[in-house]
Amino acid sequence: MSSTPRPRTRRLTVIAQDPGVRIDGKILTTEVDVPAEEFAPGPRGYRVRVIDYDTSTGTLYMPLQYEPLRDGRYIDPFKEAAARAADGELLDDPQFHQQMVYAVVMRTLARFEFALGRRVSWGFSGHQLNVAPHAFADANAFYSEQDQALVFGYFRGADGRLVFSCLSHDVVAHETTHALLDGLRERYTDPSSPEQAGFHEGFADVVALLSVFSLKDVVKLLLDPHHLKGREGGEDLIDPDELTPDKLRDSVLLGLAEQMGQEMAGIRGDRAGALRRSVKLTPLKPTDDPRTYSKMPEFMEPHRRGEILVAAMLNAFIEVWVKRIERLKRGRVVKGMLDLQSVVEEGSDAAEQLLTMAIRALDYAPPTDLQFCDYLSALITADKELVPDDTKYGYRAILLESFARYGLRPPVSASSDGSWRLFDGEVAYDRSHFESMLRDPDEVFRFIWENREGLDLDESAYTRVISVRPCRRMGPDGFTLRETVAEYIQMITLRAEELQQFDPPINIPDGMPNDQEVTLYGGGALIFDEYGRIKYHVNNRIRNVPRQGPRLEYLWQFGYFDDKAETENVFARMHLQRALNLPSTSAEEF
Amino acid sequence: MSPAATTNKPSKLRIRSYQVGFGDCFLLTFYYPKAKKPADKERHILIDFGSTGMPEDAPPDQMMRVARDIESECGGKLHVIVATHRHKDHISGFSTNKDGDGTGDVIAGLAPDVIIQPWTEEPEALDPKPAKGKAAGSKKALKALAVDAGGTPDARALSALHVASLASMHKISDAMLTEVRHLTDENRFTQRLGPAVAGQIAFLANDNGLPNRSAVENLATMAKKHKGGQNHYVHHGYPLKLSKLLPGVKVNVLGPPTLEQHAEIRKQRSADKNEFWMLQAASRQFWGLQAAAGELVTEFSSGKGGLFPGAKIYKKFFPSHDRWFIRQLRAMRGSQMLSLVRILDEAMNNTSVILLFEVGGKKLLFSGDAQIENWEYALKRAGKNDLELLKGVDVYKVGHHGSRNATPKTLWESFDRRSDSPGAADRLKTIVSTMPGKHGTKKNHSEVPRETLVDALKSQSEYHTTETAAERGELYEDLTITFPK
């Protein structure tokens, strides 16, 4: 047996953003770390299988095969070509594309696992996500739960060159996020409200964009696209006047949007537009109606609603970065200029930390009927648990202010600092077993059924515990605390006329027949502390009339009671609607 | 144009709804008994002439039989042709052949004086003079569409992009037929795409494929072959002055909207007006990209190059561990193509001309295949919408062969001549030209004609359908409207 420990990670060359982002005409590449493993041809690893089949031409490309570990090192087969800036070799070789998708999917997965401190399953029963980098000749890319896959299209651009969606870092990260979010919160694809429908797109955009901003090479290029920064003794420097919030929004956010280009708008679902709008969406004043944006007809469309979330998070990213730069100014300054590399690192670190917060927040978000304000409280709570003392950079205050600028404030059920209130209900623990509660859905169900009154659950609803997962964090004394997060949902299916039995009654939407079947959802996330006691109960009661009434109205108006879309993949459909700016017209249909 | 008829108004109108299977073909004949000259005693309008599928027991030469009947009933002279939009099931009958004896040759021989089509068919819309350095669809052109301070968008450039996107849709449809063919090929390592999905894609792709060139050419030229003949490319509010040709008949154009008119409705939903135009342009560009992807399919499938010409591939054998996923991918591609071709089909339908005839105190509505997006301007525009005008419709030709989204509920509920009582005076009459089993499926409530709509039509109007003519083996469904003296 070898005495040298095997590496835990390996480096793989990828395109940093997409082939359009270049330095001196050469594609910007970078290396990313992924968990080390011995690949089968594909590559096929423990979580991802790349199968390079093109349905439009019926072609199956030979899979990439890697050299095994040798002398304690793994070989990256494309490192040398990237170092030579041999763009043609990378673009013309389907096996580089196979490596690209594998690496970005695994990097994104690793990011989630790092943030949550545990393995993260896909949203289907199966360990490996199938990825087809050249699935069809189409300006589209999406996640398909039923096919357990990410699929990427290719097409010819306006200049006659082939465009591969699988070579865009943000597109691959975005689609992977759909797959991961589907695994963490499977009910978020249920029809509910424009915000829940928009959350998938908005959250996937946030992850994709923060993932890109966490790459130092990309941030440096955006700050210094023409390598014009003053050199002093061989160092790259930058003028602090270029690092105001407005200047950073222009150079970094708009700069990236510009580089995303027009051709991929259909595939990105206008993420470039969302980036632009995150800069241009006018922040609300404290005296403005907070529902200003949420009431606008254009933001009733799910595929646009997520932009409000993107605007809030990205503007928070800029504010955090600016605050981190302030601390730099107390350090080394050369003739009034700051070290560019340090500024870049502060930016990529800010992006990394916000990304971790954004992912951790999912454990503290309700599993059904999510609103953006719920997610905000989840963000604040998750960070408060991890970093009780936030005074260094004040991430939480920045997030609260940034979200408030787009009309998003913590819900009334939250506490004064925006986090969830600690659970103070009366429950009994004596009829369940602590050890089983850490991992067994049946044990947790035993517990919540026993305590249905104390947890304010509807006894007549179908109730199911969807998941029981560990949630690890560092305590203030440096000890690792092992907490548990359990998700449960409740469902009731009624005839529309039975809605009037609620107290107060729920109005039947105009035009809905009395015998129309409607399904109401409720559910919660229970966070148990290291002693197995409930710390937080983040829930939506099924008989919450102020929430269920508007939800039904929205679903009825937008035709969600029809099942005409049953053959259509929900993400493929959402991306089409986004690309084509299609409004809903279901209310007018027979 | 023929000399003015007398100032008399028509005494009656006969509507022949020809049995063309899945398609539309309506001959409207206005009668002027008090006209002095025999040539002025009748005026004929043909609205559409096309089919994409006949009943199995229909005669093989049904379309020619229809053309000859039109020729006979018109006494050799047709006055107006309306080609509502360029789907094959509305214009295939206008195609000609080199021997000069196609159905379109028969129609051209009737020397129509006026041809009415949507504005998207106008030759100039297809070939604008773009601003210098700004080819339509280029990044610069798209930037030029943005509203500058105090300026207005270049609606003409966007219109050109819109028309170009319609042309892209034809290319996409043709490429889809290629893909469907290979997805339904036999291969021992994969499964064929299911016949239901393959059939629907093929049907819609065929209807949206490049229309027969001769039909398009015929419509563009047949009126101009004789003195006074005119083509009108219309939009909502277009002033069609046909009083000399059709005395006593007023023709209102309620659709399609121009892009500026359409924008009036859509901008209401948009906070940032500049962004609105960029989104509009981006959505039209999408079709250009799809068409470019479709070209790749056509090229690669005909052996002209490949995606990675030098790459090693599996030939005819697929490893066992890949086969499940390959099968899934192929089915997914079918489902994806179906979604796309449905959206594309709707976009083409929404170019339809909508005409409201007012004659003898009666109103007749012919809307082609116009769907909700087309109707929106007429029904919802700020200030003065057309609902008041549409209230008293007496005859409604049901949109898009009775589909779920071509009779907006707002429109249907505005018709005040609807009645549950079959004996009611002046009860609304509805006509549908359709054939079930060709378009959509009941499973996902997209069947054409749509059951819930047909139920409403039957219960609240005097319902006429070309299916009746098909069952009886007759050439057309006949309806006469008499005008009060």
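Numbers restart at 1 for each chain; the letters A, B, ... are given by sequence-line order, proteins then strands.
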### Task
Look at the side chain of B/Arg450 and the backbone N and O of A/Phe590, then say whether any donor-acceptor pair between them is shorter than 3.5 Å.
yes
### Summary
Rounding to 0.5 Å, atoms CZ (A/Arg156) and CD (B/Glu299) come to a distance of 4.0 Å
### Message
Quick check on A/Asp147 against chain B: is it the side chain, the backbone, both or neither that has a heavy atom closer than 4.5 Å?
### Response
both
### Geometric class of the B/Phe308/A/Phe164 ring pair [parallel <30°, tilted 30-60°, perpendicular >60°]
parallel
## Note on the structure
When the 4.5 angstrom heavy-atom criterion is applied to A/Thr59 and chain B, the contacting part is side chain
### Task
Counting only heavy atoms closer than 4.5 Å, note whether A/Asp54 contacts chain B via side chain, backbone, both or neither.
side chain
### Query
How far does CG of A/Asp138 sit from CD of B/Gln290, to the nearest 0.5 angstrom?
4.0 Å
### Task
Test B/Leu329 against every option in A/Ile51, A/Val151, A/Asn130 by the side chain to side chain contact (heavy atoms under 4.5 Å, CB included) rule and name the one that passes.
A/Val151
### Query
Under a 4.5 Å heavy-atom cut-off, does chain A meet the side chain of B/Trp375, its backbone, both or neither?
neither
### Message
Here's a test for you: under side-chain hydrogen bond (donor to acceptor under 3.5 Å, both in side chains), which of B/Arg323, B/Gln328, B/Arg330 qualifies with A/Tyr53?
### Response
B/Arg330
## Note on the structure
Pair count under 4.5 Å, heavy atoms only, with chain A: among B/Leu296, B/Leu307, B/Val197, B/Thr410, highest is B/Leu307
### Summary
Value for CG (A/Asp52) from CD1 (B/Ile313), rounded to nearest 0.5 Å, stands at 11.0 Å
### Task
Check whether any side-chain heavy atom of A/Thr57 lies under 4.5 Å from a side-chain heavy atom of B/Val297, and answer yes or no.
no
### Query
Where does A/Ser56 contact chain B at under 4.5 Å (heavy atoms): side chain, backbone, both or neither?
both
### Query
Considering all heavy atoms of both residues, which atom of A/Tyr154 and which atom of B/Ala293 are nearest to each other, and what is their separation?
O-CB, 4.2 Å
### Query
How about A/Asp510: does its CG atom have over 12 heavy atoms from other parts shown lying under 6.0 Å from it?
no
### Query
Under a 4.5 Å heavy-atom cut-off, does chain A meet the side chain of B/Ala291, its backbone, both or neither?
neither
### Message
Please classify the contact between B/Thr178 and chain A as side chain, backbone, both or neither, with a heavy-atom cut-off of under 4.5 Å.
### Response
neither
### Query
Of all of B/Met337, B/His321, B/Glu413, B/Gln371, which one pairs up most often with chain A through heavy atoms under 4.5 Å apart?
B/His321
### Message
Using the ring centroid of each side chain, check whether A/Tyr61 and B/Tyr314 are separated by less than 6.0 Å.
### Response
no
